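Nothing here was measured: the structure is a model prediction, and the numbers come from that model. When a ligand or atom number is given, it counts from 1 through the structure's own listing order. Sequential numbering from 1 along the given sequence is applied to the chain's residues.
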Amino acid sequence: MENSKEMRKWLDAMELPHPLVVAGPCSAETEEQVLKIAHQLKDTDVNYYRAGIWKPRTRPGNFEGVGAIGLKWLQKVKEETGLKTATEVANKAHVDLALEHDVDLLWIGARSTVSPFIMQELADALEGTDKIVLVKNPVNPDLALWLGGIERLHSAGIKKLGAIHRGFSTYQKTKYRNIPEWQLAIEFQNRFPDLPLINDPSHISGRRDLIFDVSQTALDLNFDGLMIETHWDPDNAWSDAKQQVTPDRLVQIMKDLKIRKESDPEAEYNNKLNNLRAQIDVLDNQLIELLGDRMKVSDGIGELKKQRNVAVLQSNRWNEILGKMILEGEEKGLSEEFVLRMFKAIHQESINHQEKIINA
Ligand code: PEP
Ligand code: MN
């Protein structure tokens, strides 16, 4: 599958003055709830009204969605507010029902993208549809799996395709519910620069106070849209209560976000600069994380040396590391002098850490 301008035709045809916005509750709960939120979002920047009908829950016993009855509520949303509708589909039965009820945008959840069997079933069920189909990244940071899902849908003749970046799960505890791994989203964009890419700050953040910053980073990285979970009473939502925002808050977020204008030459320069700076910020954060991890390993070595009463400085080992890094650095276009200086600083920090441990 080749990148082509055709990929973004459906989005360009909408001629939106702002990024594409998909908003609405994590789950449809009751008819009143679905309609109430839709009316609150009616005269805002929202383009598609989302509500999960079938909810993939990690553990059984949680609310698993209202099922097909919710599709009737979404039809009512369209009749009463004119908003287009969106829901998640995870098997052929879901697809058939959603198409029957004229849902305008179908997204495939992170737990489905991980399974090539499910993706093929969905591609077959969706074959030739003129609805918009967006594929969330798989829960694990595997670019090939994400691309593979898109390719299956593309082969099934689906023209209005796009992707949603919703972060990745890790064993590590971080401030995010699903770490963004922006580098992976950037790689995805490099592979298909014309495929519309939407960010889902709600599932990345897992808490509503991070949603603005994640959204801004996404826009600085040239994302085409945002999917933001919105509920009239977030704290009492039946699923994902901590990450949902009120319609008022959503409107404020959209107002405060710095949105790129591609047409203005001066803006284009700034957009490019912001994009590159956002990439640098992502990489710098990774550098700090990596250095922190390296020090933790070095602390472990300190503990071992302490038990055996071995000296902190092991010159042979150190010279070996340096020699190897200078060669690898050269391959990446880094000067010997820089690699030496950098590793001396890292080594010194390691020694300081180990000294502290040994003398504790
Ligand atoms: C959702 O959008 O409510 C959802 C279940 O998302 P994800 O597949 O990203 O977990
Ligand atoms: Mn959710």
Could you pull out all donor-acceptor pairs under 3.5 Å where a side-chain atom in residues 139-147 meets a protein atom, sequence neighbours excluded?
residue, atom, partner, partner atom, Å
Asp142, OD1, Ala144, N, 3.0
Asp142, OD1, Leu145, N, 3.2
Trp146, NE1, Val135, O, 3.1

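Salt bridge Asp102/Lys131: present, at least one basic N to carboxylate O contact under 4.0 Å. Salt bridge annotation for Lys324-Glu320: absent, with no cationic side-chain nitrogen under 4.0 angstrom from a carboxylate oxygen.
By the 30° and 60° cut-offs, the orientation of the rings of Trp54 relative to His94 is parallel.
Cluster annotation: Ile158 is connected to Leu106 through the hydrophobic network of ILVMFWY side chains, with a link wherever side-chain heavy atoms come within less than 4.5 Å. Under the 4.5 Å side-chain heavy-atom criterion for Ile, Leu, Val, Met, Phe, Trp and Tyr, Ile150 and Phe223 are members of the same hydrophobic cluster.
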Quick check on ligand 1: any N or O pairs to the protein under 3.5 Å? One line per pair.
residue, atom, partner, partner atom, Å
ligand 1, 2 (O), Arg50, NH1, 2.8
ligand 1, 2 (O), Arg50, NH2, 3.4
ligand 1, 2 (O), Lys136, NZ, 2.8
ligand 1, 3 (O), Arg50, NH2, 2.9
ligand 1, 3 (O), Lys55, NZ, 2.9
ligand 1, 3 (O), His203, NE2, 3.3
ligand 1, 3 (O), Glu229, OE2, 3.2
ligand 1, 6 (O), Lys136, NZ, 2.8
ligand 1, 8 (O), Ala110, N, 2.9
ligand 1, 9 (O), Lys136, NZ, 2.8
ligand 1, 9 (O), Arg166, NE, 2.6
ligand 1, 10 (O), Arg111, NH1, 2.9
ligand 1, 10 (O), Arg166, NH2, 2.8

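Residue pairs meeting the ring-ring contact (aromatic ring centres under 6.0 Å, His included) criterion with at least one member in residues 99-125: none, sequence neighbours excluded.
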Could you check Phe188 against His165 for ring pair (Phe, Tyr, Trp, His ring centres under 6.0 Å), going step by step and ending with a plain yes or no? CA-CA 10 Å; Phe188 184 92; His165 169 233; 9.2 Å; no

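Neighbours of the Mn ion (ligand 2) restricted to protein N, O or S atoms under 2.8 Å: the count is 4.
To the nearest 0.5 angstrom, Leu195 atom CG is 13.0 Å from Glu6 atom CD.
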